[in-house]
Protein chains: 2
Amino acid sequence: MRNRNTAPRKSRPPASGAGKARRRCLIGGGYARGEHTRRRLLEAGIELFGELGYERASTRAIAHRAGVSLPALQYYFGGKEGLHRACAQYITEDVRTRLAPATQRVREALDRRDLARSELLELLRAVVEPFLEGLATERPESWALFFARIQGEQGVALDAIFQQIGGRLLTLVMEIIGRVLGRPAESPEVAIRAVMIVGQITLVRRARPIILRALGWPDFDGERLTTLKEVMWQAIACSLSPAPGPARESV
Amino acid sequence: MRNRNTAPRKSRPPASGAGKARRRCLIGGGYARGEHTRRRLLEAGIELFGELGYERASTRAIAHRAGVSLPALQYYFGGKEGLHRACAQYITEDVRTRLAPATQRVREALDRRDLARSELLELLRAVVEPFLEGLATERPESWALFFARIQGEQGVALDAIFQQIGGRLLTLVMEIIGRVLGRPAESPEVAIRAVMIVGQITLVRRARPIILRALGWPDFDGERLTTLKEVMWQAIACSLSPAPGPARESV
DNA sequence: ACATATAAATATCAAGTGATAGAAAATTAT
DNA sequence: ATAATTTTCTATCACTTGATATTTATATGT
């Protein structure tokens with residue numbers, strides 16, 4: 001958003017800058033070579049945006065890591081912001097499809113009226129645990145880093161990603177918790193608990209250095225990851241115990 | 001860290017840039033006027049660093065909000081980084097002294113050998129709730145924002161603040177939880193639970209927009225803040241219930 | 001082979017960054 | 001008052017950023 005006013009933006013060669021830029025090579029005919037650099041830019045963007053955040057990741061650094069020249073970024077994504085949007089969309093799509101089968105399975109199971117507490121908790125675990133594992137371990141794709149960044153940066157990409165991933169996950173968790181607690185899924189009690197449970201999971205990524213330091217661990221590897229998952233799950237399951245402290249609700 | 005090599009740094013007029021700059025006016029004699037601008041810069045720095053983060057908060061913007069000229073920042077804090085450090089230290093000191101009495105009180109109570117579960121939970125609440133309240137409500141001092149920022153930015157200030165505040169809080173929480181669970185305070189089970197509980201609290205700040213959206217709330221005000229605190233506390237207390245297995249009974 | 005559309009690179013721009021030099025103003029000490 | 005010191009301001013530097021115009025290379029269709 002630097003010289004937006006001075007530049008008359010006379011031609012704006014190919015890309016529109018929005019998410020679904022780069023359609024020419026499909027319309028126009030072939031030219032499959034460009035798809036490669038586009039992909040490289042996308043991956044480099046995810047890496048560097050994740051490592052450094054939106055501001056500190058310069059377009060030059062991204063282009064360099066992608067092994068392409070600087071104008072290629074503008075050419076394919078219309079600018080830095082466009083690339084960021086495209087990265088967010090790419091990740092969103094990827095995670096969404098990866099989570100889809102589990103989501104579907106859980107949703108079908110939820111349609112059954114007669115679910116025991118333990119069954120509901122098992123469903124919750126099935127939803128939450130893959131998510132935790134993806135965040136705790138350093139994926140080479142590093143989308144978890146990217147994902148964690150945009151939450152702290154309050155950018156426009158937050159809306160899209162939240163609706164696509166966080167929203168779905170949260171809705172699902174709220175339904176399960178609502179069933180467990182015997183309250184409507186939209187009630188504040190259920191919503192707060194759901195947010196806190198999902199938030200706890202994301203903490204594994206966001207407060208990673210602090211957690212590791214508090215535990216005196218070098219990393220979440222193998223045995224330790226198992227311990228982490230187990231303890232966190234114990235705490236979550238306990239927090240949904242039927243009779244909380246002072247007599248409150250009884251289904 | 002821009003033109004560090006070109007500038008010979010011949011004189012470096014007064015401030016050393018580190019945390020404890022600005023000592024001259026005490027040694028040299030008077031010149032009390034400078035203390036005011038120094039204070040203004042500190043407050044403006046906390047505000048803008050908190051609102052925008054370290055990168056996006058430009059020294060010009062900070063100086064402007066402080067109502068002083070740009071070189072004053074270099075003059076008093078040696079540079080942007082020095083100001084950031086000073087802000088962190090200022091906040092740390094403030095929070096630490098504010099939390100000190102409660103900490104002391106809890107630590108004394110912990111020395112008693114015979115504490116019932118409910119008493120321990122009450123202690124935990126006494127430690128955790130003021131912290132939550134400080135983070136949930138928009139303080140005019142806005143140090144909560146600043147505090148939340150530096151966690152996401154992984155800067156050098158994180159170490160200092162963590163040791164001064166987070167570490168103390170965490171140590172205290174670990175001791176209480178260790179007592180509740182009947183395990184050593186250093187065990188991974190206790191540490192993970194402590195980190196998650198404290199982390200949940202910080203989530204109220206860090207994931208504020210997401211939480212508010214999930215709840216359909218405009219803000220954490222009055223009645224809603226009470227609900228939030230109550231539900232979160234219920235969840236925390238339940239998660240520390242004595243028998244973590246499937247079947248358990250209330251105390 | 002040719003014309004044409006596409007892709008990539010070089011060189012450069014305007015704006016904004018943190019930092020500094022050096023002079024001017026204000027304050028204190030003598 | 002005058003000298004010394006401390007504080008503040010104007011102007012500017014060196015550098016980085018995102019973005020572009022223009023040119024060169026590459027691939028495609030006829």
Would you mind checking if [Y] and [X] are paired as a salt bridge, meaning a charged N to carboxylate O distance below 4.0 Å?
X       : Y       : result
A:Arg65 : A:Glu43 : no
B:Glu35 : B:Arg40 : no
A:Glu51 : A:Arg56 : no

Does [X] have a side-chain nitrogen or oxygen under 4.0 Å from the phosphate oxygens OP1 or OP2 of [N]?
X       : N      : value
A:Ser69 : C:dA8  : no
B:Gln74 : C:dT20 : no
B:Thr59 : C:dT17 : no
A:Tyr75 : C:dA9  : no

What's the [atom1]-[atom2] distance between [X] and [N], to the nearest Å?
X       : N      : atom1 : atom2 : value
B:Leu41 : C:dG18 : CG    : P     : 13 Å
B:Leu83 : C:dT17 : CG    : C1'   : 15 Å
A:Glu35 : D:dA27 : CD    : P     : 16 Å
B:Leu52 : C:dG16 : CG    : P     : 15 Å
A:Leu73 : D:dT20 : CG    : C1'   : 13 Å

> Between the base of D:dG18 and the side chain of A:Arg60, is there a donor-acceptor distance below 3.5 Å?
Replying inline: yes
For [X], report the nucleic acid contact type (base, sugar-phosphate, nothing); a contact means any heavy atom under 4.0 Å.
X       : answer
A:Ser58 : sugar-phosphate
B:Leu70 : base
B:Ala57 : sugar-phosphate

> Is the shortest heavy-atom distance from the side chain of A:Ile201 to the side chain of A:Met232 under 4.5 Å?
Replying inline: yes
> Which nucleotide in the list C:dA8, D:dG18, C:dG18 gets nearest to the side chain of A:Thr37?
Replying inline: C:dA8
> Among D:dA21, C:dA21, D:dT7, which is the nearest nucleotide to the side chain of B:Tyr76?
Replying inline: D:dT7
> Is A:Lys80 positioned over the aromatic face of A:Tyr54, cation under 6.0 angstrom from the ring centre and no more than 45 degrees off axis?
Replying inline: yes
